[in-house]
Protein chains: 2
Amino acid sequence: MRRIADSTVRRLSLYLRFLEESTNRGLVTISSDELARRGGTTSAQVRKDLSFFGSFGKRGLGYSVPELTESLREILGLRRDWQVIIVGAGKIGTALAQYRGFRQRGFRVTAVYDRDPKKIGTRWDALTVRDMAEIERDIQKEHPDIAVLTTPAEEAQVVVDRLVSAGMRALLNFAPIQLQVPPDVTLKNVNMAMELEGLSFALTNRDR
Amino acid sequence: MRRIADSTVRRLSLYLRFLEESTNRGLVTISSDELARRGGTTSAQVRKDLSFFGSFGKRGLGYSVPELTESLREILGLRRDWQVIIVGAGKIGTALAQYRGFRQRGFRVTAVYDRDPKKIGTRWDALTVRDMAEIERDIQKEHPDIAVLTTPAEEAQVVVDRLVSAGMRALLNFAPIQLQVPPDVTLKNVNMAMELEGLSFALTNRDR
DNA sequence: GGCGGCTTGTGAAATCATTCACAAGTTATC
DNA sequence: GATAACTTGTGAATGATTTCACAAGCCGCC
Ligand SMILES: NC(=O)c1ccc[n+]([C@@H]2O[C@H](COP(=O)([O-])OP(=O)(O)OC[C@H]3O[C@@H](n4cnc5c(N)ncnc54)[C@H](O)[C@@H]3O)[C@@H](O)[C@H]2O)c1
Ligand SMILES: NC(=O)c1ccc[n+]([C@@H]2O[C@H](COP(=O)([O-])OP(=O)(O)OC[C@H]3O[C@@H](n4cnc5c(N)ncnc54)[C@H](O)[C@@H]3O)[C@@H](O)[C@H]2O)c1
């Protein structure tokens, strides 16, 4: 398979959300044009994105909402649940651990870790904050799929190195720092300061 | 000025962070090559990014850390503080309002809004949660620069429409929904579900 | 079963972003 | 002040992504 651009994958994720909405509204078919309008893109883009993976529509008609939904779930690897662990039980880690939207989309938070003795043992819902000292053993035993990093920036690289040597291969980092990982590890960053600076740039350079 | 790509602006933001680190380590000059290595890019990319805005280095030497820092601050519009309001005092809104990293980078959270009577009036630090009913009046009076959206997805579009008609021109949205805004409004999205789905795709389609 | 109105799937073209490659400038050294 | 060792700034080349444009296929209707 040809390498798929990151931008394509992000759009597939959007399309899937629109399809789920469309199901809720009882729509049975949808055209590339409708899909495009909701995502702020073009119908040609939608069709090209899908064409990397096969041919899912009917000419003259459009796409079957349930069929395309299923195909996108398949493509994105969402026909199974994923086990997610959260490392760093601070303000943002806590908010994420309690967020119900992830579970709804098939991402189950199965453990939260911290190294602060005051936090270890705290419970929310079904989760208890575990001791960071146990993380390697737990990973080897429970094989979580994805680790979310919510420690302070100074700690993030050290923690990542531990996670990677324990076997983690997919990471979502919230610390505002550029982490180094080996090439077989997939790393995504959520960097809010960078987004705000993007807004600052846009406000400053308006109408140039 | 030629239109600047979003990817360029994001990298400038990264470079700025490395420069600040370099200042802390007492470095006086830095080469495009060092800047590139920390950001996972190439030295040609760094020089090209900067060249859109002028010429900041000395051939044979590199860039003066304090001078380039100052130039990037200028380019990104960071020589001033920005007033930020947060709309939706739920789990994620609260985490963001209390986050000290924003203030450190010149983004001052000056107000938080909610429509739930149980939340209105709550205080953290110097902030009191205000009544959503007052937001239009406050915006006209206080002219905040950036609004961060942390309401449930169902409410997000309605809230955005209110913010935009009250005069907001820069928005950072956390709700997992694609918002419609007029062309003179800059909108950025932080969509964690999309990032997780990107990881799911990567894990599923490894080594193809 | 043929026609008109739609919509997909996809090469080709156009646009946009990154990388290459090198002249030109800087510093240090002798 | 000539030489060597570096490093920038930037056109040109390459590579990637998006848009165009249209043949091919489907449906409903007469
Ligand atoms: N809070 C926000 O809204 C926000 C926004 C953007 C980015 N971030 C980033 O997210 C990260 C966390 O922010 P926060 O506000 O939740 O901070 P926080 O201080 O509330 O939480 C950090 C937690 O990590 C734990 N920790 C520290 N070192 C650890 C280690 N080696 N192993 C395991 N746990 C460790 C701490 O005990 C603490 O509980 C930071 O990097 C921050 O910059 C936060
Ligand atoms: N919590 C997370 O970790 C997380 C992660 C990713 C995305 N999100 C998204 O962020 C948003 C907020 O999530 P949350 O977990 O903080 O939810 P929450 O329910 O804790 O908070 C939402 C808040 O918005 C307020 N609100 C509702 N309608 C409003 C309106 N019209 N005007 C003003 N305030 C209004 C509610 O009273 C509530 O306080 C959601 O869209 C969610 O999908 C949250």
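Letters A, B, ... are given to chains in the order of the sequence lines, protein chains preceding strands, and every chain is numbered from 1. Everything quoted here is computed from the prediction, not taken from an experiment.
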query: Taking any atom under 4.0 angstrom from a heavy atom of chain A, which nucleotides of DNA chain C are the first and last to qualify, 5' to 3'?
result: C:dC6 to C:dA12

statement: Smallest heavy-atom separation, A:Trp124 atom then A:Ala97 atom, equals CZ3-CB, 3.6 Å

- request: Answer with yes or no after comparing the ring centroid distance for A:Phe102 and A:Tyr99 against a 6.0 Å cut-off, counting only values under it.
  value: yes

task: Only counting residues at least two apart or in another chain, list the ones meeting side chain to side chain contact (heavy atoms under 4.5 Å, CB included) with B:Ser22.
output: B:Leu27, B:Ile30, B:Arg38, B:Val65

statement: The residue, A:Ala44 or B:Ser51, whose nearest nucleotide of DNA chain D is more 5′ is B:Ser51

message: Taking NZ in A:Lys188 as the centre, count heavy atoms belonging to other residues, nucleotides or ligands within less than 6.0 Å. Is the count above 12?
response: yes

task: Would you please name every residue forming a side chain to side chain contact (heavy atoms under 4.5 Å, CB included) with B:Gln180, sequence neighbours left out?
output: B:Gln157

message: Could you report the tightest heavy-atom contact between A:Val46 and A:Ser32, atom names first, then the distance?
response: CG2-O, 3.8 Å

- line: Sorted by chain and residue number, the side chain to side chain contact (heavy atoms under 4.5 Å, CB included) partners of B:Glu20 (sequence neighbours excluded) come out as B:Leu16, B:Arg73, B:Arg105

- prompt: Does any pair with a residue in residues 85-102 of chain A pass salt bridge (charged side-chain N to carboxylate O under 4.0 Å, His left out), and if so which ones, sequence neighbours excluded?
  reply: none

query: Taking side chain as C-beta onward, heavy atoms only, is B:Thr41 less than 4.5 Å from B:Tyr15?
result: yes

- prompt: When you check every protein heavy atom under 4.0 Å of nucleotides 24-30 of chain D, what one-letter string (B, S, -) results, 5' to 3'?
  reply: BBBS---

message: Rounding to 10°, can you tell me the angle the first-five-pair axis of the helix from C:dG1-D:dC30 to C:dC30-D:dG1 makes with its last-five-pair axis?
response: 0°

For nucleotides 13-18 of chain D, give me every protein contact, N/O to N/O, under 3.5 Å, one pair per line with atom names.
from   : atom 1 : to      : atom 2 : distance (Å)
D:dT18 : OP1    : A:Arg11 : NH1    : 3.2
D:dT18 : OP2    : A:Arg11 : NH2    : 2.9
D:dT18 : O5'    : A:Gln45 : OE1    : 3.3

field: Partners meeting side-chain hydrogen bond (donor to acceptor under 3.5 Å, both in side chains) with A:Ser200 (sequence neighbours left out)
entry: B:Trp82

Side chain to side chain contact (heavy atoms under 4.5 Å, CB included) involving A:Ala156 - partner list, sequence neighbours excluded: A:Leu149, A:Thr151, A:Ala175, A:Ile177, A:Leu179

- prompt: Got a sec, which residues hit side-chain hydrogen bond (donor to acceptor under 3.5 Å, both in side chains) with B:Asp138, two or more places apart in sequence or on another chain?
  reply: B:Tyr113, B:Arg130

Sorted by number, the residues of residues 20-40 of chain B with heavy-atom contact under 4.0 Å to DNA chain D: B:Ser31, B:Ser32

- prompt: Would you say the side-chain atoms of A:Asn191 and A:Glu195 include a donor-acceptor pair closer than 3.5 Å?
  reply: no

- request: Give the minimum heavy-atom separation between A:Arg10 and B:Met194, together with the two atoms involved.
  value: O-CE, 3.7 Å

- request: Assess the side chains of B:Thr204 and A:Arg80: does a donor N or O sit below 3.5 Å from an acceptor N or O?
  value: no

